[in-house]
2 protein chains.
Amino acid sequence: MTHHATQTLLELGYRMTPQRTLVWDVLRQSGEHLTAEQICARVQEQFPHVNMSTVYRTLELLVELNLVKETCLGPSRRYYEVEEEVPHHHLVCEHCGKIVHIHDEDLGNLPRLLEREQGFVAEELTVFGHCLDCGGDHAHP
Amino acid sequence: MTHHATQTLLELGYRMTPQRTLVWDVLRQSGEHLTAEQICARVQEQFPHVNMSTVYRTLELLVELNLVKETCLGPSRRYYEVEEEVPHHHLVCEHCGKIVHIHDEDLGNLPRLLEREQGFVAEELTVFGHCLDCGGDHAHP
DNA sequence: CTCGCTATTGCAATAATGTTGCAACTGCAA
DNA sequence: TTGCAGTTGCAACATTATTGCAATAGCGAG
Ligand SMILES: [Mn+2]
Ligand SMILES: [Mn+2]
Ligand SMILES: [Zn+2]
Ligand SMILES: [Zn+2]
């Protein structure tokens, strides 16, 4: 576990445990969006007796401390990834499942428009649609 | 159940049943985003023995026929609403839970931007953030 | 209008995902 | 080294959704 996360935990009176280190390292090394179950499986490759409930509790803690981000990219499942310095948004291809990251500067004038017209402050957005490979022509190949 | 939905079902060889009529009518009359459980509760006010599994199966069918839209507005729950002619998108306030509809013309240049820069065809988008009442000033009151 | 076929339903069991109570264990600070 | 509060594993539980199956009931044919 990097100095960053370790320090945050210890400063706040939490303890460093192998379980927490492993969950964090899995997320750092994968760089993907992982479900709790996927994280648990990868943790168990190195430490087989680690329990799902520990993984859930660890994720809950890391999310609370803003070290990990929880995202809903579809029904019935939560995905986790390391919280990055600069926030990002998601394009989700409904055909192949591919997920692409975009950043505030890719949003054009939408945030200003929503704030001006609706008084709504956009923080994170998810766009469902079809990616380049899956037919931008609406053909849903 | 309106002529519209009835006809679609019958044309395709499905049968009209009181259960299907009730689910459809609940969705039409509410105009809100309802969970399967809420729909079932309202159906049971008029027809108490209707079962949850029937509601789920009915919703699955109506979604498949594009009569109802299923939306994921957060983890752990699916919401249903009547599919409208003109598609819409959602602003979800993470503080008070309020959901606002916006339409394509409220999106500014985002769809064109995504298509041009990412080759991504946006179909439906969900924006998480904070509504007017819940402090556009990031104060999260 | 009646009949019969088969789509549909209710029910209970099961699945999938996440949460919690609790006794045993263990970081870590003194 | 030691003690204790934070943490874990486990099993039970909670919530949301799906499925197998026998009983029921639409609806088209006659
Ligand atoms: Mn992401
Ligand atoms: Mn809606
Ligand atoms: Zn795709
Ligand atoms: Zn609000």
Side-chain angles (χ1 to χ4, degrees), chain A residues 1 3 5-24 26 33-65 67-80, chain B residues 1 3 5-24 26 33-65 67-80:
Chain A
M1 187 174 258
H3 185 60
T6 300
Q7 198 183 21
T8 303
L9 285 172
L10 293 181
E11 271 173 4
L12 294 169
Y14 297 102
R15 293 180 183 167
M16 279 314 307
T17 64
Q19 290 89 340
R20 284 175 178 167
T21 301
L22 284 162
V23 167
W24 177 256
V26 161
H33 302 87
L34 299 178
T35 65
E37 198 172 19
Q38 292 173 312
I39 293 165
C40 189
R42 298 190 191 191
V43 164
Q44 287 176 338
E45 287 172 13
Q46 296 200 267
F47 214 139
H49 69 83
V50 171
N51 196 271
M52 268 300 286
S53 64
T54 300
V55 172
Y56 276 116
R57 282 187 284 224
T58 299
L59 289 169
E60 184 181 34
L61 177 64
L62 295 176
V63 167
E64 194 179 308
L65 301 183
L67 294 166
V68 163
K69 193 153 72 105
E70 184 184 80
T71 316
C72 178
L73 300 172
S76 323
R77 231 178 173 111
R78 301 170 195 191
Y79 288 86
Y80 298 89
Chain B
M1 185 173 258
H3 186 57
T6 300
Q7 198 181 19
T8 302
L9 284 172
L10 293 181
E11 272 173 3
L12 294 168
Y14 298 101
R15 293 180 184 167
M16 278 313 308
T17 65
Q19 290 88 340
R20 284 174 178 168
T21 301
L22 283 162
V23 167
W24 177 256
V26 161
H33 303 88
L34 299 178
T35 65
E37 198 173 18
Q38 292 173 314
I39 294 165
C40 189
R42 298 190 191 192
V43 164
Q44 287 177 336
E45 286 171 13
Q46 296 200 269
F47 214 139
H49 68 84
V50 172
N51 196 270
M52 268 300 287
S53 64
T54 300
V55 172
Y56 276 113
R57 283 187 284 224
T58 300
L59 289 170
E60 183 182 34
L61 176 64
L62 295 177
V63 167
E64 194 179 310
L65 301 183
L67 294 166
V68 163
K69 194 154 69 102
E70 184 184 80
T71 315
C72 178
L73 300 173
S76 330
R77 233 176 171 111
R78 300 171 197 189
Y79 289 84
Y80 299 88

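Residue numbering restarts at 1 for every chain, and letters A, B, ... go by the order of the sequence lines.
In this structure, A/Arg15 has no salt bridge (Lys or Arg N to Asp or Glu O under 4.0 Å) partners at least two apart in sequence or on a different chain. Considering only residues two or more places apart in sequence or on other chains, B/Thr35 meets the side-chain contact (heavy atoms from CB on, under 4.5 Å) condition with B/Glu37, B/Gln38, B/Arg77, B/Tyr79. Partners of B/Glu60 according to the side chain to side chain donor-acceptor pair (under 3.5 Å) rule, which considers only residues two or more places apart in sequence or in another chain, do not exist here. Under the rule for a side-chain contact (heavy atoms from CB on, under 4.5 Å), the partners of A/Leu10 that lie at least two apart in sequence or sit in another chain are A/Thr6, A/Met16.
The nearest whole Å value for the distance from the CG atom in B/Asn51 to the P atom in C/dT14 is 17 Å. One can place CG of A/Leu61 at 15 Å from C1' of C/dG27, the figure rounded to the nearest angstrom.
Against DNA chain D, the stretch residues 36-44 of chain B makes heavy-atom approaches under 4.0 Å through B/Glu37.
Using a 4.0 Å heavy-atom distance criterion, B/Thr35 is classed as making no nucleic acid contact. Here B/Glu60 lies out of heavy-atom contact (under 4.0 Å) with every strand.
Across the interface with DNA chain D, nearest-nucleotide mapping of B/Ser76 and B/Ser53 shows B/Ser76 to be the residue nearer the 5′ end. With the nearest nucleotide of DNA chain C identified for both A/Pro18 and A/Arg57, A/Arg57 has the one nearer the 5' end.
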Please produce a list of atom pairs where a protein N or O lies less than 3.5 Å from an N or O of nucleotides 28-30 of chain C.
{"residue": "C/dC28", "atom": "OP1", "partner": "A/Met16", "partner atom": "N", "Å": "2.8"}

Expected output check: what is the dot-bracket annotation of DNA chain C, where ( ) and [ ] are pairs inside the strand (brackets for crossing ones), | is paired with another strand, and pairs are Watson-Crick or G-U under 3.5 Å? ||||||||||||||||||||||||||||||
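Between B/Val26 and the choices B/Val43, B/Thr21, B/Val55, the side-chain contact (heavy atoms from CB on, under 4.5 Å) rule is met once, by B/Val43.
The phosphate of C/dT19 (OP1 or OP2) has no side-chain N or O of A/Tyr56 nearer than 4.0 angstrom.
To the nearest 0.5 Å, the span separating SG on B/Cys40 from CG on B/Leu22 amounts to 10.5 Å.
Applying the side-chain hydrogen bond (donor to acceptor under 3.5 Å, both in side chains) definition to pairs two or more places apart or across chains, those involving residues 41-51 of chain A are A/Asn51-A/Ser53.
Contact footprint of chain B on DNA chain D: nucleotides with an atom under 4.0 Å from a non-hydrogen protein atom, first to last in 5' to 3' order, D/dT16 to D/dC27.
With hydrogens and angles disregarded, a donor-acceptor distance shorter than 3.5 Å links the side chain of A/Thr58 to the backbone of A/Thr54.
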